[in-house]
Amino acid sequence: MAKVLYNKRVLAFPYTEDFGAGGYYKLGIRWEDLPPIEPGQFIMLRIAKQIDPLLRRPFGVYKILGHGACPHTKNFGMGACLPVRGRTQTGGKGPGIEILYRVVGRGTRLMTDLKPGDSVDVLGPLGNSFPLEIRSQEVIMVAGGIGIVPFYMLAGKLKKARLLFGGRSKDDLPALEDFKKLKIDMEVSTDDGSVGEKGLVTGLLLKRLSKNSVVYACGSKGMLKEVARIAEGADIPCYVSLDNAMACGIGACLGCAVKVKGQGARGKGQEKQTSELIYKMVCKDGPVFDAREIEWEEI
Amino acid sequence: MAKVLYNKRVLAFPYTEDFGAGGYYKLGIRWEDLPPIEPGQFIMLRIAKQIDPLLRRPFGVYKILGHGACPHTKNFGMGACLPVRGRTQTGGKGPGIEILYRVVGRGTRLMTDLKPGDSVDVLGPLGNSFPLEIRSQEVIMVAGGIGIVPFYMLAGKLKKARLLFGGRSKDDLPALEDFKKLKIDMEVSTDDGSVGEKGLVTGLLLKRLSKNSVVYACGSKGMLKEVARIAEGADIPCYVSLDNAMACGIGACLGCAVKVKGQGARGKGQEKQTSELIYKMVCKDGPVFDAREIEWEEI
Amino acid sequence: MGRDLKMGVRGQGSGVRKTKTPNPESRIPDLSVNIAGIQLKNSVMTASGTFGYGEEYAPYMNLNRLGAVVVKGLSLKPRQGNPPPRIVETAAGMLNSIGLQNVGVEAFIEKKLPFLRKFDTKVIVNFFGDSIDDYCEVAKVLDTTDGIAGLEMNISCPNKQAGWLEFGTNPDLTFRVVSAVRRFTKLPLIVKLSPNVMDITVIAKAAADAGADALSLINTLSGMAVDAYTRRPKLGNIIGGLSGPAIKPVALKMVWQAFKTVKLPLIGIGGIMTAEDAIEFMIVGASAIQIGTANFVDPQVSVKIADGIEEYCQKNKIAAVKELVGSLRV
Amino acid sequence: MGRDLKMGVRGQGSGVRKTKTPNPESRIPDLSVNIAGIQLKNSVMTASGTFGYGEEYAPYMNLNRLGAVVVKGLSLKPRQGNPPPRIVETAAGMLNSIGLQNVGVEAFIEKKLPFLRKFDTKVIVNFFGDSIDDYCEVAKVLDTTDGIAGLEMNISCPNKQAGWLEFGTNPDLTFRVVSAVRRFTKLPLIVKLSPNVMDITVIAKAAADAGADALSLINTLSGMAVDAYTRRPKLGNIIGGLSGPAIKPVALKMVWQAFKTVKLPLIGIGGIMTAEDAIEFMIVGASAIQIGTANFVDPQVSVKIADGIEEYCQKNKIAAVKELVGSLRV
Ligand SMILES: Cc1cc2nc3c(=O)[nH]c(=O)nc-3n(C[C@H](O)[C@H](O)[C@H](O)COP(=O)(O)OP(=O)(O)OC[C@H]3O[C@@H](n4cnc5c(N)ncnc54)[C@H](O)[C@@H]3O)c2cc1C
Ligand SMILES: Cc1cc2nc3c(=O)[nH]c(=O)nc-3n(C[C@H](O)[C@H](O)[C@H](O)COP(=O)(O)OP(=O)(O)OC[C@H]3O[C@@H](n4cnc5c(N)ncnc54)[C@H](O)[C@@H]3O)c2cc1C
Ligand SMILES: Cc1cc2nc3c(=O)[nH]c(=O)nc-3n(C[C@H](O)[C@H](O)[C@H](O)COP(=O)(O)O)c2cc1C
Ligand SMILES: Cc1cc2nc3c(=O)[nH]c(=O)nc-3n(C[C@H](O)[C@H](O)[C@H](O)COP(=O)(O)O)c2cc1C
Ligand code: FES
Ligand code: FES
């Protein structure tokens, strides 16, 4: 059983009607025999020992926590120094992972009660990761709010990368400080202009896009749809990390289906008459997909 | 909302096949505007904010916690000094109550996680109490294991009382120390002889019984049945506190029914043809019943 | 105008009401609903069998805040009910085998109704019988009693003439018992449906054709619990009725199916714990809702749900709660 | 003798087994069961649709520890399934509207079955069709395939000839489709019943009369979920199937009713999360059990349940797990 190292609020996302009083938290989890984890992969976390909530919840891995004794830091080949915090009650250090999560519902609300030393049940790492072979091109990472999660590890793996990070307001840009410390170009936008440029993150993208770009995006479905449309228009590669509700996380339940375009048929709305399956599983075939593969009309 | 003052294991009841590794705990609850509570009354405690476990659980009130500042003690008119503990995190003092509970299932297991400062939801006090008008007679209190709960407060209200306290072993006699401090006669029995007399508590009762006795009993159904049989044979008054599963605790759901003898018909197994209801509710008409009223065959 | 009703027929919005900072901007939503002629100040009722005769809950919450109280099911003669144990908790639910214990219709009118009449809330009387005649007899008595806003017929009850087949699981029996009762009462007649059927719409139609003014659904699902150690059933009656959050998805589906099939107003029941749950039932077609098992968990839940519905309407700029009914976007 | 089987047909009790301090006093209980001629090392199977084709779970648990794997329901041709969202959590349960997506029987035999054959566990193939012919075609293909221990017919599937009425909700349709399939296979034929009926015993009898060798029950309860804020159904297909602990009381009751009605061996399914749950199903009459939703919660749950059943038998001095079957004390 993995153990909680720390769990703390990093940003008080203000009350909104659709999600109530949320907030962003960082959860450190000690994980012995930590397997290799690639940027974009996720875990399925079981929160309660009780049956409510029943199912595990998917979370991206935000950081890998190092082996070094605290409060020393260790460079983990990711261009980032990773101090391990919250040792007070467990004497905890690495190995482990850090989850960055946003409180949106029952499960994440319950997660805020986790305390150092508590046991948690982690299944993973799961899913695919962002393709890295395109390293030579100019990489643009586009993140919306909690969609920032995969990009901390990804930034560490890329030679040259630019981050465009958008949120509703300054309270919707979690872990901004972490990225300031990384040596990457970063631009920020907020809907209300409370920090960075006023407007949508896709506005930043339109400005930065070049023929040489490759776009990696993670965020709301609406944002991803727009990013994919922009990339398609500019005819540049685009990879998106999708977020569907999941039950098993390992391709068994067929619950996290996303509609993809068939090989012969890329046109919109065409009925597939082939025996080829038109649904892929976000958990197993994703969460990262080539944006051109997705039937965006059905998202 | 009431707040937890303290929650600690007082006796490690050993592992048994039917209940697993249990244990006895004391839970202190701060309760502003504490209403008067009579010996034998109970509360319905909501343990989780989640839906598992769904229903409240009934618990007797073991002690009333005083108003005095800690660690001073306050005589609460119950013949007992009531130090209030566990102030560390809440600075907690009375008013409040102390619950003495045994871990038997999901709800009580979850209760062991309660920490000082946690909110708990208390409904009560509920139910009737032990009749006190028979004060002049020689009162014998018979308790089995967790059935000791109502007798701490009752002992405080009675001029003269004798306690017969039985358990499976020395680990099944919770709060024995508390009773040693009270000025009452007490005799102890255990099934395995690890403390007190070897044998059942009903063995002690048979020895102590006189024409002048009145018996108050709380414990397992089997024990109560036997106590009732003994009292009936000796033709002395006997009051028992029953323990049925409950949903509402206030007489609304009709779930905690216990079969009672009709007014006209005291004989065994007779079919009632009257319009008189033959079920009483443990939560509302009890939990304390005149033993002669109960259809023991159906318990 | 719903507001008038909210303030109460007897003109008293009495009782412990959360003080709210009045917001001049936000219109006060109309929370009233009309179920087959019963005008309710809000859509929240307490479900039969989970709220006693009202008096049990009166010390713990304000009855005046409810749209209606539905009392424990009554029969012509008092009933003893089933042997204990009668309840057991299950995952996110509970089983009960109370077995319709009740004081009988006479004792109700004499001893229980006068108390309820003191409150500014509608009284709906749930009743049953084990023959068509029994049903009719009870209806006849209630029809001439003052202070009753409507009747709710529980047809999840075995019919002794039909080999103890439940009235509510057979469209023919449903039609016969409902049309018989219909002849004996001018009060609004709500028929409460059993979920233990293959197709709820068939029963809903039978009840509608027989003259029901409204339908309430669902009653409990049939279920069972066993102790793995003693190998005994956990209920004295072996089989009981499942209620609570566990059954909400089943209830929502049935309300939606009934909504698409019959024109009658519907009352949604099953696992409602929060205002959000209540609103979901209205969206799929319920004009009002009943709260059952949740009362045991929190005696004040019904009032909290009434408040929560008001808050939801205010936030989502819904002028009248009626607008929600059947507003599912498919 | 059951122990022989436990050690495996291929003679390998392989894999991560909890080391136990051997107790010379306690006899090793016989955990094997026989379902219509399928000899299982233990009574634990994984339920169709919740365990993929086995390979998905192989990295996380030891398939050799299972009595049988029941694969995702197969049809003659591949199926695309329903539009997303396909799953939503409910109180102590979940709704799914996967819509029977599957690779088709040919691809299964070619690409999925060879992997499963490597393990010392029985393979039971769940299948369905939307016409009687379709059912028969699939059965015919499977009948001549090596490495299949038995067939499980999912009759909770709409019949297009009968106006999309589900085969499993009508005794007549049940009888017809089961007797038709029976003619095309000599493999043990398990019929999987739908709970969305008024009386499970009527369907159980129809399946038995038509030649089923065993019955498995229950499939999911029909249910629905709605978002109170968007006012949309939470499932793309609007309606889905409810599974998980929430439905256990309903499932237990139906298994017990079937046990009292038909002589066939039964496989209990519905909300099993622990060994205690599994044992409850055996006590009411199931010879074996299937684990569905619980796999999602804990990929190793099936192995833990197998261990738990053994522990229970040992502690309660039960020499053979078979003794539990139908041992309810009423
Ligand atoms: C591959 C993958 C990786 C993910 N990584 C992260 C991560 O690193 N950090 C993180 O915080 N979240 C992440 N998520 C999303 C996360 O899984 C959900 O937020 C979480 O499951 C919600 O659980 P809950 O019980 O709190 O909400 P639920 O009770 O399940 O839902 C409550 C309400 O919240 C809404 N809701 C549910 N999920 C989301 C969502 N993702 N966004 C907005 N609203 C939602 C629902 O519509 C519902 O009304 C990831 C999801 C996937 C599929
Ligand atoms: C009026 C009244 C007063 C009570 N006062 C106290 C008290 O002061 N202290 C206290 O510890 N308990 C008291 N009880 C009993 C207490 O309510 C139960 O132990 C508790 O509800 C069990 O909850 P659970 O969720 O842990 O067990 P559940 O999950 O509900 O049950 C788990 C298992 O434990 C068994 N079990 C349940 N209840 C009991 C029981 N009472 N005794 C033995 N086995 C049981 C069940 O058979 C079941 O198998 C009282 C009960 C009543 C009716
Ligand atoms: C303890 C109990 C007793 C009940 N008694 C009755 C009754 O007498 N008549 C009736 O029509 N329904 C009765 N019901 C069913 C409820 O009114 C309601 O339909 C059901 O519990 C589902 O709602 P819930 O999930 O909110 O509890 C009873 C339910 C419970 C839990
Ligand atoms: C995601 C999912 C997919 C399912 N697919 C099938 C299927 O293809 N065929 C079938 O007969 N049952 C299917 N079922 C039903 C299960 O096999 C099982 O009967 C049901 O889930 C109840 O068991 P549980 O409560 O343990 O999950 C499916 C269930 C789930 C949750
Ligand atoms: S979550 Fe089960 S297949 Fe993706
Ligand atoms: S617990 Fe509801 S009547 Fe006693």
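First the proteins, then the strands, lettered A, B, ... as listed; each starts at 1. The figures that follow rest on heavy atoms only: side chains count, while hydrogens, waters and symmetry mates do not.
A 4.5 Å side-chain heavy-atom check between C:Leu165 and D:Met198 finds at least one atom pair inside the cut-off.
For the set C:Ala225, C:Gly271, C:Ser222, the entry with the most heavy-atom pairs within less than 4.5 Å of chain D is C:Ser222.
Proximity to chain D is absent for every atom of C:Ile203, based on heavy atoms less than 4.5 angstrom apart. Residue D:Ile200 does not touch chain C at all, counting heavy-atom pairs closer than 4.5 Å. Heavy atoms of D:Val284 lying under 4.5 Å from chain C belong exclusively to its side chain. Only the side chain of D:Thr90 has a heavy atom closer than 4.5 Å to any heavy atom of chain C. Of the two parts of D:Ile238, only the side chain, counted from C-beta on, holds a non-hydrogen atom closer than 4.5 Å to a non-hydrogen atom of chain C. If you measure heavy-atom distances from C:Leu328 to chain D, the contacts under 4.5 Å come from both the backbone and the side chain. Contact annotation for D:Asp277: neither backbone nor side-chain heavy atoms come within less than 4.5 Å of a heavy atom of chain C. Residue D:Thr230 touches chain C through its backbone alone, counting heavy-atom pairs closer than 4.5 Å. Heavy-atom distances place the side chain of D:Ile318, and not its backbone, under 4.5 Å from chain C.
A donor-acceptor pair under 3.5 Å links the side-chain atoms of C:Tyr312 to the main chain of D:Ala228, judged by distance alone. For the pair D:Arg232 (side chain) and C:Val330 (backbone), a donor-acceptor distance under 3.5 Å is absent.
Taking each heavy atom of D:Arg231 and C:Glu323 in turn, the nearest pair found is NH1-O, 4.2 Å. Pairing each heavy atom of D:Val250 with each of C:Leu242, the nearest pair is CG2-CD2, 4.0 Å.
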